Amino acid sequence: FQARDEYGSEIARCDDIPQIMISSESTLDGELVQYNGTTVSIDNGETACANGYYTLSTSRFYGLPDPLTCGSRGTGPCNANAGITRAGTYSIAILVNGQSIYGSPFRTTVSAADSFAQSCVANAIHFSIGAKAAQRDSTAGIPESFTVQSRDLYGNNVLYDPFKPLDVFEAVMQSLGQSCDQHGNPLDEGAVCMVATVKNNLDSTHTVSYTPIISGRYELNVVLAKDS
């Protein structure tokens, strides 16, 4: 923003003390988010400003940032930690010397980022999750299914958006300790492979269905195709 006096004239100095305060009005998971996002230079701890033009960020700021994690080779200006990582509606207040600038506070809506494979989770009945990988018991000839919840890197559910490409999940059941490709072709001699059906539910979930036909121990690999 540009510093100005009460008559609208630009002030080409950096004498003011700005703040940017972030607070959530609502988030998808109900988390209350509130923090001071004002950025500072790692060299002197001062707000980024040149000739009366102040640069602020929605990054979280907890005291003087760590020089090893900020800027190029530890030089400012520095955005400490992460910005807004929870999807929801936020109020952003920009203050100068304790008073709001014209039009502040502003409202912004934050959507989930792209799906991130390692954050997506599976939900199903009779899943056993313990010290080892998740397990389930099945009977030959009886259809099985479970649901995969799409989530982004920060754990937000990635909701269906008709204007964005759909997520594509692939699932292959293979005999334990042996490998199959994504088309169900064995990569190891004697491997038993089966391609599962994946249905996009057009919300934020996918249903994975399969029917085991040969008894034995298997592992079911589910991948987000774009991330392999």
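All of these numbers come straight from a predicted model, not from anything done at the bench.
Here the straight-line distance linking atom CD of Glu25 with atom OG1 of Thr108 works out to 10.0 Å at 0.5 Å rounding. Here the CD-OG distance, from Gln19 to Ser104, works out to 11.0 Å after rounding to the nearest 0.5 Å. Annotation: the span from Leu176 atom CG to Gln174 atom CD amounts to 9.0 Å, rounded to 0.5 Å. Between the CD atom in Gln2 and the OH atom in Tyr53 there is a gap of 4.0 Å [rounded to 0.5 Å]. Atom NE2 of residue His206 and atom OG1 of residue Thr197 lie 13.5 Å apart, to the nearest 0.5 angstrom. For the atom pair Ser119 OG and Arg151 CZ, the distance stands at 8.0 Å (nearest 0.5 Å).
Contact of the Phe169 side chain with the Cys120 side chain is registered, since non-hydrogen atoms from C-beta on lie closer than 4.5 Å. For the pair Pro212/Met173, a side-chain contact is recorded, criterion being any heavy-atom separation below 4.5 Å from C-beta on.
Remark: Gln182 engages Glu170 in a side-chain contact (heavy atoms from CB on, under 4.5 Å) (not counting sequence neighbours). Residues satisfying the side chain to side chain donor-acceptor pair (under 3.5 Å) test with Glu10, not counting sequence neighbours, are none. Scanning for side chain to side chain donor-acceptor pair (under 3.5 Å) contacts around Ser24 gives an empty result, with sequence neighbours left out. Every residue was checked against the ring-ring contact (aromatic ring centres under 6.0 Å, His included) condition with Phe106, not counting sequence neighbours, and none meets it. A search for side-chain contact (heavy atoms from CB on, under 4.5 Å) contacts involving Leu153 returns Phe116, not counting sequence neighbours. For the side chain to side chain donor-acceptor pair (under 3.5 Å) test, residues two or more places apart in sequence or in another chain that qualify with Thr205 are Asn201, Asp203. Every residue two or more places apart in sequence or in another chain that forms a side-chain contact (heavy atoms from CB on, under 4.5 Å) with Ile213 is listed here: Met194. Residues meeting the side chain to side chain donor-acceptor pair (under 3.5 Å) test with Asp181, sequence neighbours left out: Asn185.
For the ring pair (Phe, Tyr, Trp, His ring centres under 6.0 Å) condition, no pair includes a residue of residues 5-29, sequence neighbours left out. Contacts classified as disulfide (SG to SG under 2.5 Å) and involving residues 162-210 (residues at least two apart or in different chains) are given here: Cys180-Cys193.
Here the side chain of Gln149 pairs a donor or acceptor atom with the backbone of Ser204 at under 3.5 angstrom. For Asp152 (side chain) and Ala113 (main-chain N/O), a donor-acceptor pair under 3.5 Å exists by modelled atom type. In this structure, Asp188 contributes its side chain and Ala191 its backbone to no donor-acceptor pair below 3.5 Å.
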Donor-acceptor pairs under 3.5 angstrom involving side-chain atoms of residues 87-100: please list them, not counting sequence neighbours.
residue : atom : partner : partner atom : Å
Tyr90   : OH   : Arg86   : O            : 2.5
Asn97   : OD1  : Ile17   : N            : 3.0
Asn97   : ND2  : Asp16   : OD1          : 2.9

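Other residues sharing the hydrophobic cluster of Tyr102, ordered by chain and number and joined by side-chain separations under 4.5 Å: none, the residue standing alone.
Side-chain polar atoms of Asp167 and Ser115 form a donor-acceptor pair below 3.5 angstrom. Counting only N and O atoms by type, the side chains of Tyr210 and Glu144 include no donor and acceptor under 3.5 Å apart.
No chain of hydrophobic side-chain contacts below 4.5 Å, direct or via other Ile, Leu, Val, Met, Phe, Trp or Tyr residues, connects Tyr218 to Val195. Under the 4.5 Å side-chain heavy-atom criterion for grouping Ile, Leu, Val, Met, Phe, Trp and Tyr, Ile22 is connected to Ile101 within one hydrophobic cluster.
For the side-chain contact (heavy atoms from CB on, under 4.5 Å) with Val148, the qualifying choice from Thr207, Leu224, Val222 is Val222, the only one to do so.
Ring pair Tyr54/Phe1 is parallel by interplanar angle, where below 30° counts as parallel and above 60° as perpendicular.
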